[in-house]
Protein chains: 2
Amino acid sequence: MKILLVDDDPRLRDLVRIALERADWQVVTAADGQEALLHASREAPDFIVLDIGLPELDGFEVCRRIRQRSEVPILFLTARDDEVDCILGLELGADDYVTKPFSPRELVARIRTILKRSQKTHVPSALRHGALSLDPLAHRCQINGQEIALTAREQGILTLLLQDPARIRSRAELITQIWGAGSQVSDRTLDSHLRNLRAKLERAGGHDLIETVHAVGIRLRAVT
Amino acid sequence: MKILLVDDDPRLRDLVRIALERADWQVVTAADGQEALLHASREAPDFIVLDIGLPELDGFEVCRRIRQRSEVPILFLTARDDEVDCILGLELGADDYVTKPFSPRELVARIRTILKRSQKTHVPSALRHGALSLDPLAHRCQINGQEIALTAREQGILTLLLQDPARIRSRAELITQIWGAGSQVSDRTLDSHLRNLRAKLERAGGHDLIETVHAVGIRLRAVT
DNA sequence: AGCAGAAATCATGAGTTTTTCAAAGAGTAA
DNA sequence: TTACTCTTTGAAAAACTCATGATTTCTGCT
């Protein structure tokens with residue numbers, strides 16, 4: 001059982017780390033949002049403890065991006081009450097939260113509860129759709145058993161599409177999801193990646209998998 | 001039965017050495033961390049008695065590095081209580097500890113107990129992945145039955161990759177695991193070893209076994 | 001059916017980042 | 001010494017991202 005602990009305060013990090021390790025969990029730590037995202041994908045943790053008040057990329061944004069790729073349980077650490085409101089208000093996919101200051105003992109108990117709950121409903125991490133399968137964490141994509149090497153952007157697009165194959169997504173939506181809100185990349189750029197992605201799928205035998213719905217967006221073609 | 005004794009105090013070293021030799025064990029001594037690591041690999045001891053308060057490389061670090069390569073039982077010598085906390089709190093893979101001052105007689109008894117226990121459960125674990133096999137303890141690597149001579153670093157990389165073949169490991173992660181956290185070696189250094197390792201594997205018929213995932217890391221190529 | 005404008009696709013290339021490569025110095029063991 | 005390993009360094013090569021503008025396709029309208 002591996003836990004990713006994200007907090008910018010080294011003292012708190014050490015304190016919590018020891019508590020978690022006492023509970024017989026393997027701990028990976030990150031001090032900021034970027035590092036957190038990195039470890040979230042590299043280490044494939046089974047649980048994430050995430051502070052909200054991070055420098056640069058804040059906890060909310062980190063959570064949002066992780067949720068794009070994974071359903072790993074996330075517990076927030078918050079310092080202020082208004083942050084709690086945000087957690088509850090936004091649909092972030094948080095599993096629980098703990099307000100600072102807190103006792104490490106309590107934190108461990110909370111994590112145990114959530115893990116127990118989530119292990120029952122455990123979902124395999126790989127996404128599938130017909131002959132296509134994609135495991136974003138392992139960074140591995142196959143079609144008809146044949147491996148395809150995707151770049152980060154291509155995988156991002158395909159991951160989003162696979163999360164709800166029937167749904168049509170507009171370019172604007174894809175851009176927001178992949179590059180984050182307020183990004184400046186143009187529609188044409190997305191199209192370029194889309195083109196490359198399609199070419200790779202095509203080459204691997206997946207004919208016309210990504211369908212264009214004119215003036216609306218794109219989606220995966222229904223499995224026949 | 002060979003025992004490696006690591007302590008920076010010459011008096012204590014002699015004292016313990018005599019006790020151990022009375023018990024009919026062969027004794028190798030080291031006065032600091034570097035020397036300890038050296039002997040640990042050269043002499044292939046069956047047991048290690050390791051003082052924590054060593055100059056430069058402390059006992060924890062020495063233990064960590066030895067554990068990368070071997071499951072040899074380790075018993076810690078500690079002078080202070082807070083060090084005990086560390087041993088217990090951190091998952092270092094220590095088998096036991098003795099606080100100074102201690103009686104040599106007691107130490108011998110403890111070692112006997114551990115040896116008895118470990119000899120029963122000791123399983124030399126060779127790692128395999130397709131045609132590739134690696135036994136880190138024996139420092140032996142084969143591919144298609146053909147023996148390959150690996151340097152320490154090369155084996156370190158390959159061992160990590162083999163521990164979970166599907167997983168992609170970033171360069172940073174590999175460096176942390178192999179050289180320890182806070183090490184100063186550059187990514188290029190790792191690349192150099194990687195290059196050498198790949199060349200050796202290639203030469204022995206293992207084509208393109210280590211796969212690069214651009215901007216993410218490296219992993220073993222999936223066995224088809 | 002044919003047209004105009006919008007939307008999507010395509011081809012290309014500059015700019016970055018990441019990876020690989022090669023050469024050489026320092027340290028260590030035989 | 002000689003051979004080998006480890007490490008550093010700098011630069012070449014490769015991969016990737018993104019932007020741009022030309023071209024093609026689509027759709028509603030006359």
Side-chain angles (χ1 to χ4, degrees), chain A residues 34 38 41-42 139 141 148-158 161 168-176 178-180 182-203 208-219 221, chain B residues 30 32 34-44 56 65 68-69 139 141 148-158 168-175 178-180 183-203 208-219 221:
Chain A
Q34 287 298 348
L38 213 71
S41 56
R42 298 274 187 298
H139 207 282
C141 175
I148 312 176
L150 298 182
T151 71
R153 293 286 117 95
E154 288 156 9
Q155 175 170 295
I157 295 172
L158 199 50
L161 293 178
I168 305 175
R169 293 169 193 265
S170 68
R171 285 175 165 63
E173 186 188 345
L174 288 168
I175 287 173
T176 305
I178 294 170
W179 282 269
S183 84
Q184 298 294 321
V185 294
S186 78
D187 284 15
R188 282 327 110 245
T189 297
L190 174 65
D191 284 332
S192 284
H193 293 297
L194 198 51
R195 185 168 107 86
N196 297 337
L197 173 57
R198 277 171 160 153
K200 284 185 182 176
L201 292 174
E202 187 84 43
R203 230 176 296 142
D208 216 9
L209 261 123
I210 298 173
E211 182 177 24
T212 298
V213 181
H214 194 90
V216 184
I218 59 173
R219 71 170 159 202
R221 183 171 296 286
Chain B
D32 60 58
Q34 287 299 348
E35 202 179 334
L37 288 174
L38 213 69
H39 285 140
S41 57
R42 294 278 180 294
E43 303 279 344
E56 303 206 42
R65 299 218 197 159
Q68 280 176 18
R69 312 175 129 223
H139 205 282
C141 175
I148 311 176
L150 298 181
T151 70
R153 293 285 116 98
E154 287 157 8
Q155 173 169 302
I157 295 171
L158 199 50
I168 306 175
R169 290 168 193 267
S170 66
R171 286 176 166 65
E173 188 188 342
L174 288 167
I175 287 173
I178 294 171
W179 283 269
S183 83
Q184 297 295 321
V185 294
S186 78
D187 284 13
R188 282 327 111 249
T189 298
L190 174 65
D191 285 331
S192 284
H193 293 296
L194 198 52
R195 187 166 105 86
N196 297 338
L197 174 57
R198 276 171 160 153
K200 284 184 183 177
L201 292 173
E202 187 86 44
R203 230 176 294 139
D208 216 8
L209 253 87
I210 298 174
E211 180 179 24
T212 297
V213 180
H214 190 96
V216 184
I218 60 173
R219 71 171 157 209
R221 184 171 296 287

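Every heavy atom of this structure was used, including side-chain atoms; hydrogens, water molecules and symmetry mates were not.
Put simply, the residue from Leu194(A), Ile148(A), Leu197(A) that forms a side-chain contact (heavy atoms from CB on, under 4.5 Å) with Leu158(A) is Leu197(A).
Taking every nucleotide of DNA chain C with any atom under 4.0 Å from a non-hydrogen atom of chain B, the first and last of them, 5' to 3', are dT18(C) to dA29(C).
Checked by atom type, the side-chain pair Arg153(A)/Ser192(A) shows no donor-acceptor distance below 3.5 Å.
Here the C1' atom of nucleotide dC16(D) and the CG atom of Leu197(A) are 14 Å apart, to the nearest Å. Straight-line distance from the CD1 atom of Ile178(A) to the C1' atom of dC16(D): 15 Å, rounded to whole Å. Atom pair Arg195(B):CZ and dA13(D):P shows a separation of 14 Å (rounding to whole Å applied). One atom, CG of Asp191(B), and another, P of dA11(D), lie 17 Å apart when rounded to the nearest Å.
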Would you tabulate the pairs of protein nitrogen or oxygen atoms and nucleotide nitrogen or oxygen atoms of nucleotides 2-9 of chain D closer than 3.5 angstrom?
from   : atom 1 : to        : atom 2 : distance (Å)
dC6(D) : OP1    : Ala152(B) : N      : 3.2
dC6(D) : OP1    : Arg153(B) : N      : 3.4
dC6(D) : OP2    : Thr151(B) : OG1    : 2.5
dC6(D) : O3'    : Arg153(B) : NH1    : 3.4
dT7(D) : OP1    : Arg153(B) : NH1    : 2.7
dT7(D) : OP1    : Trp179(B) : NE1    : 3.1
dT7(D) : OP2    : Arg153(B) : NH1    : 2.8
dT7(D) : OP2    : Trp179(B) : NE1    : 3.2
dT7(D) : OP2    : His193(B) : NE2    : 3.3
dT8(D) : OP2    : Thr189(B) : OG1    : 2.5
dT8(D) : O4     : Ser192(B) : OG     : 3.0

Hey, what are the protein-to-nucleotides 23-30 of chain D N/O distances that come in under 3.5 Å?
none

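By the side-chain hydrogen bond (donor to acceptor under 3.5 Å, both in side chains) test, Asp191(B) pairs with Arg171(B), Arg188(B), sequence neighbours left out. Legend: residues meeting side-chain hydrogen bond (donor to acceptor under 3.5 Å, both in side chains) with Gln34(B), ordered by chain and number and at least two apart, are absent.
Rounding to the nearest 0.5 angstrom, the gap separating the CG atom in Asp208(A) from the CG atom in Leu201(A) is 10.5 Å. How far CG of Leu150(A) is from NZ of Lys200(A): 5.5 Å, rounded to the nearest 0.5 Å. To the nearest 0.5 Å, atom OG of residue Ser183(A) and atom CD1 of residue Ile178(A) are 9.5 Å apart. The CZ atom of Arg219(B) lies 13.0 Å from the CD1 atom of Ile210(B); values are rounded to the nearest 0.5 Å.
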> What's the verdict on side-chain contact (heavy atoms from CB on, under 4.5 Å) for Ile175(B) and Thr189(B), showing C-alpha distance, side-chain angles and the deciding distance?
Replying inline: CA-CA 9 Å; Ile175(B) 287 173; Thr189(B) 298; over 6 Å; no

> Can Leu209(B) and Arg221(B) be said to form a side-chain contact (heavy atoms from CB on, under 4.5 Å), step by step?
Replying inline: CA-CA 5 Å; Leu209(B) 253 87; Arg221(B) 184 171 296 287; 5.7 Å; no

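The closest donor-acceptor contact from the side chain of Glu154(B) to the backbone of Thr151(B) lies under 3.5 Å.
No salt bridge links Arg198(A) with Glu202(A); every basic N to acidic carboxylate O contact stays at or beyond 4.0 Å.
Two end axes, each from the C1' atoms of five base pairs, can be drawn for the helix from dA1(C)-dT30(D) to dA30(C)-dT1(D); they diverge by 40°, to 10 degrees.
Taking all atoms of both residues into account, the shortest heavy-atom contact from Trp179(A) to Leu190(A) is CZ3-CD1, 4.1 Å.
Residue whose closest nucleotide on DNA chain C sits further toward the 5' end, between Asp187(B) and Thr212(A): Thr212(A). Taking for each of Ala215(B) and Leu38(B) the nucleotide of DNA chain C with the nearest heavy atom, the 5'-most of the two is the partner of Ala215(B).
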